[in-house]
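These notes concern the structure reproduced below.
Each chain gets a letter, A, B and so on, in the order its sequence line appears, and its residues count up from 1.
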Amino acid sequence: MLKPAATRAQPTTEAEERAVFRGVALPWAFLLPSLLILAVFVYLPALQTLRLAAYRANVILGTERFVGLANFTELLLSPAYRQVALQTLVFTVLTVSLGLLSALGLAWLASRPIRGANTYRLLLIYPYALSPAIAGTLWLFLFNPEIGVVNQILGSLFDVRPRWLDTPSLAFGLVTLAAIWKGLAYNIVFYLASIQNLPGDVMEAAEIDGASGAQVFWRVAFPLLTPITFFLVFTNIIAALFDSFALTDILTKGGPYTGNAGATTFLVYQLYQDGFVNFKTGAAAAQAALMLALVAFITWMQFRVGERQVHYGA
Amino acid sequence: MVNVKTILLTLALTGTATAQTTVEFWHSFGDAKRTGWIQARADEFNKANPGIKVVPSYKGSYNDSLQATILAARQNKAPALVQIFEVGSQLALDSGAFQPVSGIKAVDFSDYIKPVINYYTIGGKVNSLPFNSSSPVLYFNQELMKKAGLNPKTPPTTYSGLLKACQKIEAAKLGATCFGMSLNGWFVEQWMAQQGASLLNNGNGRQGRATATNLDSAAAKNIFSFFKTLQANKAFTYTGKLEDWDGSDAIFTNQKTVFHITSTADIGNIRDAAKTSGFTVGVGVLPIADGTKRNGVVIGGASLWVSKSVSKAQAEGALDFALYMTNTKNMADWHKLTGYYPVRQSSIELLRKQGWFTQSPLQLVAFNQLTKTVPSPATAGGLNGAAIQTRKIIEEGIQKVLAGQSVDAAMQETKARADAALNEYNANFK
């Protein structure tokens, strides 16, 4: 797990610096319990998945036939999987960028010295306590085209009743919006905390020098918030890639089918469908391997960009 | 003191455990009503048979429980009795993890309703014991029908009858759409059977492994064209999500549609919801394609399978319990509680004697539809190991028609995708 913000390094004493383990056995002994748990629950299943990715397998039938890289070539050549990958990319970019911008804006407003600020903060944070399944069910009720509240209002005001769940563009937009809303609280919590920790003297100095509100925000506060923004960008990317599952499953079941795949079918939902609904274990393992590579790449990017671009302050 | 007690308790428990045969029963009913009913039957059975201990437990959705059973079977820890849904039948059969119930001991299956036992009879063997079965019927809002000048005593029984009623409803400007239902491949399977048409080749997958679907047949075209006409006349609505049973029920019970099709298992719930909403619900036979005789319905629901890897005593215990749970009295009881069909003739007799059909006449339509089913490979239902996937492909095909695609294009694409899924599944056996 990442540290959200850099902690100021404490001056270390000489004794602490020289505290190293004597011998090889002791550090390994300390590591052993963690390594055992990781091996059983992470490394072995991951290796097993990589092995399965080279087989045409069905978990129910227990059949396995070695096919080499065929699962991967089939996936990468399949128009359905390409469409799903593209949809995932668009969905991720939209949820991360719009999600963070709106969270920052709301957190900024909620941290102004105003009456009832605590109430606003509470209301902004509570959706975090909802499970994605409940959030999905709520949205499903709201956007039922015939009896949902949204269409009743739109119908009586403008005489339009959009078909939210089976118009591909609307369904995609709806899932994106729901994902942004669901992630908002998490982002706001971090932004609120960071905004409250902004150095008051710097902000005050800027105001004394005659900076406008917008200037204080964009020229002073925003750069000071880059470490937390950086942290949130990556946790949000991972959330968009993986946590979107429950929301899509309940809201749209990955539909409506358009082109070569469901318009709201994302990589992780496709994997679930193939692996746990249709029991195409080999194909699902290959998808898991591709997603593993994707996460590895994102993590590498995180360290690389983190070292070069982010200003952690002194 | 505590230690002595614990030791005594442990001894007592191990003592009984060795004397008993434990029968694990995994099912997929998560609600208190049905879980409670099953537990109560297990308790009665355990009391009457001290040598056997049936332990029912909820193991998640049908999909999850099937997968859990298979994985447990690989480690020789399979539950003796498992509830498996009808689309999973071929898959369960192919897994080799189960044994036909007719091979465990001699059971008289003559009391079971014919179309129900037919579904689960594969290659001359009764593979599993029918448990919760249902079929689709037409639900209608009697008040709205009257407002549109339609007679609720004679609900439409064919596609054209329904479309004609839709014109009257459209003209009456009720603020409700004519017809709505959950898009589910299950209905397409029913409509094929009603026309006496098999969904799959090789005798609906019962004479040999199905290698292609009959989704290019005239029977299939009737179904797709029906949805095309509904779409063109703006006479159909649904939530937009596939297999959204609850959502489409809610649209009907909120009086936004006049006609609705769903499972007989929902009669109780819909009747109650209609009462709350202030209208009287009527139930009619499933409207079918024009110009065909009514061949009947394919059973939907789930059945009880016995694992292969369990001991003889466990298998017999499992079957005995399954037979007890589905005996005449219990099935009649189960039907009253849930709305699922009582799968035995004698249970129907019992219900008739109790005056159940005069109390709840809605159920009678459903029964007649089932008992008048003509036995054939078409009404026995299609068997296909990729059925979960092909069902969804068919739903997506209908959805495309409702979104405006032409019937021919949608059918062509649906057949190609469903056949590809069949071939991919069959490749597991090469």
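Heavy-atom neighbours of A:L47 CG from other residues, nucleotides or ligands within 6.0 Å: above the threshold of 12. More than 12 heavy atoms of other residues, nucleotides or ligands shown are found within 6.0 angstrom of OH on B:Y58. Residue A:F242 qualifies as enclosed at atom CZ: its count of foreign heavy atoms under 6.0 Å is above 12. Counting heavy atoms of neighbouring residues, nucleotides and ligands inside a 6.0 Å radius, atom CD of B:Q412 does not exceed 12 of them. Around atom CZ of A:F141, no more than 12 heavy atoms belonging to other residues, nucleotides or ligands sit under 6.0 Å away.
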(request) Begin with the C-alpha distance, continue with both residues' side-chain angles, and end with the deciding distance and a verdict on side chain to side chain contact (heavy atoms under 4.5 Å, CB included) for B:I70 and A:V59. (result) CA-CA 8 Å; B:I70 300 297; A:V59 69; 5.7 Å; no
(request) Output, in order, the C-alpha distance, side-chain angles, deciding distance and verdict of side chain to side chain contact (heavy atoms under 4.5 Å, CB included) for B:N254 and A:E146. (result) CA-CA 9 Å; B:N254 278 283; A:E146 292 290 337; over 6 Å; no
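Heavy-atom minimum distance, A:I60 versus B:Q67: CD1-CA, 3.9 Å.
Residue contact with chain A, scored on non-hydrogen atoms closer than 4.5 Å, involves the backbone and the side chain of B:I251 alike. Using a 4.5 Å cut-off between heavy atoms, B:L71 touches chain A through its side chain atoms alone. Heavy atoms of B:Q389 lying under 4.5 Å from chain A belong to its backbone as well as its side chain. Contact of A:Q273 with chain B is made through the side chain alone, with heavy-atom distances under 4.5 Å. If you measure heavy-atom distances from B:T69 to chain A, you find no contacts under 4.5 Å at all. Heavy-atom distances place no part of B:A403 under 4.5 Å from chain A, backbone and side chain included.
Rounded to the nearest 0.5 angstrom, A:L61 CG and B:D94 CG are separated by 5.5 Å. Expressed to the nearest 0.5 Å, how far OG1 of B:T414 lies from OH of A:Y257 amounts to 8.5 Å. In this structure, CG in B:D244 is found 5.5 Å from CG in A:L140, a value given to the nearest 0.5 Å. Interatomic distance, CZ of A:F279 versus CD1 of B:I388, reported as 5.0 Å (0.5 Å rounding).
No other option in A:T167, A:I147, A:T252, A:T63 has as many heavy-atom pairs under 4.5 Å with chain B as A:I147. With chain A as the partner, the residue from B:K256, B:E413, B:E395, B:E243 showing the most heavy-atom pairs under 4.5 Å is B:K256. Of all the listed residues (A:R65, A:E64, A:R56, A:K280), the one sharing the greatest number of non-hydrogen pairs under 4.5 Å with chain B is A:K280. Per-residue counts of heavy-atom pairs under 4.5 Å with chain B were compared for A:G255, A:G62, A:G148; the largest is that of A:G62. Most heavy-atom pairs under 4.5 Å with chain A, from the set B:Q399, B:R74, B:E424: that is B:R74. Counting heavy-atom pairs under 4.5 Å between each of A:L165, A:N144, A:L251 and chain B puts A:L165 at the top. Looking only at heavy-atom pairs under 4.5 Å with chain A, the residue among B:S95, B:A97, B:A386, B:A421 that has the most is B:S95. Considering only heavy-atom pairs separated by less than 4.5 Å from chain A, the leading option among B:L91, B:L242, B:D246, B:L402 is B:L91.
B:Y238 and A:R163 form no side-chain donor-acceptor contact under 3.5 Å, judged by distance and modelled atom types alone.
With contacts defined as side-chain heavy-atom distances shorter than 4.5 Å, the pair A:N58/B:Y425 qualifies.
The main-chain N or O of A:I250 is found under 3.5 Å from a side-chain atom of B:K241 such that the two form a donor-acceptor pair.
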